[in-house]
Amino acid sequence: MRLRVRSVQNQGIPTATMADIAFLLIVFFMVTINFEVDKTQVFLPKTQIRLEIPKKAAYISITESGQIRVSGGEEISVPVHPEDVLSFAADVVARDPQKDFVLKADKSVPYRYVDGVIDALKQAKAQRIYLLSEQTTVDSGAGED
Amino acid sequence: MKFKRGTVNDEIPTASMADIAFLLIVYFMVTTTFAATRGIDFSLPQEEDSPLIDKEESVLIEIQPGGALLVDNKPLLLENLLDYLKPKLERNPVKPVIIRANEMTEYGYMVSVFDELRQAPDKIGIEVKNVSIPTQREINMFWY
C-alpha cells in the first residue's frame, strides 16, 4: 500500500507583521514621550484636583532639605541659590510673559522655602503656578505617605 | 566567449527592519518616564487686579506646623473647612480667603488646604473665587 505524500507545512514563524507592530509601538512612544527636564526625586503632595500641566513650562523644584533646581522648560534643571530664583524667573518672564511655572516641591519641605519661591515668582510678574501633585487615593491623608 | 549574468534580487531587504524597530522601542522604553505632569494651578495676582484685602472682611486660614488649622483664630478640622465657609460664601461669593502657613509648616499641608478649597464646587456647590496666599514679604509690608 502506498501512503499519500504528506503536505509540506511551513515551519517558520511568520514575522512579516512584526515590523508593523514594532512601528506602531514606536509611534505610540513618540507621541506619549515626555522628556523630563527635572529629575529631582521628591515626594509630591497628593491632591484631588489635578490639571494637565502645559508642555514647556518652567520648572522649579525644591527638595526636602530646601535645595532648589530650576529649568526654563527646555533644558535640564540646574541647582541655584534661593536668592537667584528671582533673577531666573524674571529672565523667563522677560522672554515669555505667558510662561507657566511648575513648582515641584517635596511635601515635607518647610513652607518658608516655598514661600521664598512664590514670592520670587510674584515679584517676577509670573502669571500662573502649577503646584505639582500626585493623585490622592481614597485612604490617603494630607500629609501621609 | 560566454558571460554569465548574475541574478539580481529585486526585493527590498526588510529582514532587519524589525530589529531596527525593536531597538527604537527599547530606546523609547528606557527614556520614557511616566512622570507626574499634573497639579493644581494657582493664578498669581497681577498688580492691576490685586486690591489690598481687608483682613477683617476675609476668612483667614492659618496652618500650624503639624497641619492643625486655625480658621479666623478658631481651631477647625480640614474636613469641616468648607462647611464653615459655605454660609459666608453664600452671603458674599467673592469673599477673600487667605491661606497663611507657618514657616515651619510642611508644604503638603498647605497644598491639601488649597486642594480642599478648589473642591468647593463639588462639595458645597459654591466656588471659592478669591483665594490669596500672601508671602512673608507681603505680610511684612501690608499686614496690619
Side-chain angles (χ1 to χ4, degrees), chain A residues 15-16 18-23 25-26 28-30 32-36 39 43-53 55 62 100-116 118-119 121-123 125-136 141-144, chain B residues 14-47 50 63 65-67 78 100-119 121-123 133-139:
Chain A
T15 56
M18 196 177 279
D20 301 335
I21 296 164
F23 277 110
L25 284 169
I26 289 173
F28 167 75
F29 279 112
M30 286 178 73
T32 57
I33 198 165
N34 194 1
F35 289 103
E36 247 185 319
K39 295 189 176 178
F43 290 103
L44 293 171
K46 293 178 177 174
T47 61
Q48 290 277 352
I49 305 290
R50 292 179 79 232
L51 305 173
E52 188 71 37
I53 287 167
K55 288 186 176 174
I62 312 174
D100 294 306
F101 284 82
V102 177
L103 183 55
K104 177 185 174 184
D106 193 290
K107 66 182 180 183
S108 302
V109 70
Y111 185 71
R112 67 173 183 275
Y113 293 107
V114 179
D115 182 84
I118 292 177
D119 193 55
L121 293 174
K122 282 183 174 179
Q123 288 187 70
K125 306 278 188 290
Q127 295 194 353
R128 186 177 291 264
I129 309 176
Y130 285 85
L131 310 176
L132 203 65
S133 66
E134 283 180 359
Q135 180 68 57
T136 300
E144 295 164 11
Chain B
T14 56
S16 59
M17 195 177 282
D19 301 335
I20 297 164
F22 276 108
L23 274 178
L24 284 169
I25 288 174
V26 169
Y27 166 74
F28 280 115
M29 285 178 74
V30 169
T31 55
T32 296
T33 49
F34 291 95
T37 54
R38 286 172 174 265
I40 308 187
D41 65 321
F42 172 57
S43 295
L44 294 174
Q46 303 301 301
E47 268 182 12
S50 57
I63 311 170
L78 181 63
R100 188 180 168 190
N102 183 286
E103 63 170 20
M104 292 308 294
T105 300
E106 294 179 358
Y107 166 67
Y109 292 117
M110 188 283 264
V111 174
S112 55
V113 169
F114 189 50
D115 185 39
E116 184 75 4
L117 294 177
R118 291 293 302 273
Q119 291 177 59
D122 296 330
K123 290 189 173 178
I133 305 178
T135 63
Q136 193 58 47
R137 183 185 60 88
E138 291 171 327
I139 290 167

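Computation of the quantities below employed the complete heavy-atom set of this structure, encompassing side-chain atoms and omitting hydrogens, waters and symmetry-equivalent molecules.
Atom OG1 of B:T37 is separated from atom NZ of A:K104 by 11.0 Å, given to the nearest 0.5 angstrom. Residue A:F23 holds its CZ atom at 8.5 Å from CD1 of B:I25, rounded to the nearest 0.5 Å. Rounded to the nearest 0.5 angstrom, B:R100 CZ and A:D115 CG are separated by 10.0 Å. How far CD1 of A:I49 is from CZ of B:R38: 11.5 Å, rounded to the nearest 0.5 Å. To the nearest 0.5 Å, atoms CG (B:L44) and CZ (A:F101) are separated by 9.5 Å. From A:I53, atom CD1 reaches atom CG of B:D41 across 9.5 Å, with rounding to the nearest 0.5 Å.
No other option in A:D106, A:D119, A:L121 has as many heavy-atom pairs under 4.5 Å with chain B as A:D119. Chain B forms more heavy-atom pairs under 4.5 Å with one residue of A:D100, A:I62, A:V114, A:D20 than with any other, namely A:V114.
The one candidate from B:Y109, B:F114, B:Y107 that meets the side chain to side chain contact (heavy atoms under 4.5 Å, CB included) condition with A:P45 is B:Y107.
A:T47 and B:D115 make their closest contact through CA-OD2, 3.3 Å (heavy atoms, listed as atom of the first residue, atom of the second, distance). Of all heavy-atom pairs spanning B:I133 and A:K122, the tightest one is O-NZ, 2.8 Å. Annotation for B:E106 and A:K107: closest pair CB-O, 3.5 Å, computed over non-hydrogen atoms.
Contacts between B:D19 and chain A at a heavy-atom distance below 4.5 Å are absent for every atom of the residue. Of the atoms belonging to A:L103, heavy atoms from both backbone and side chain fall under 4.5 Å from chain B.
Counting heavy atoms from C-beta outward, A:L51 and B:R118 have side chains that approach closer than 4.5 Å.
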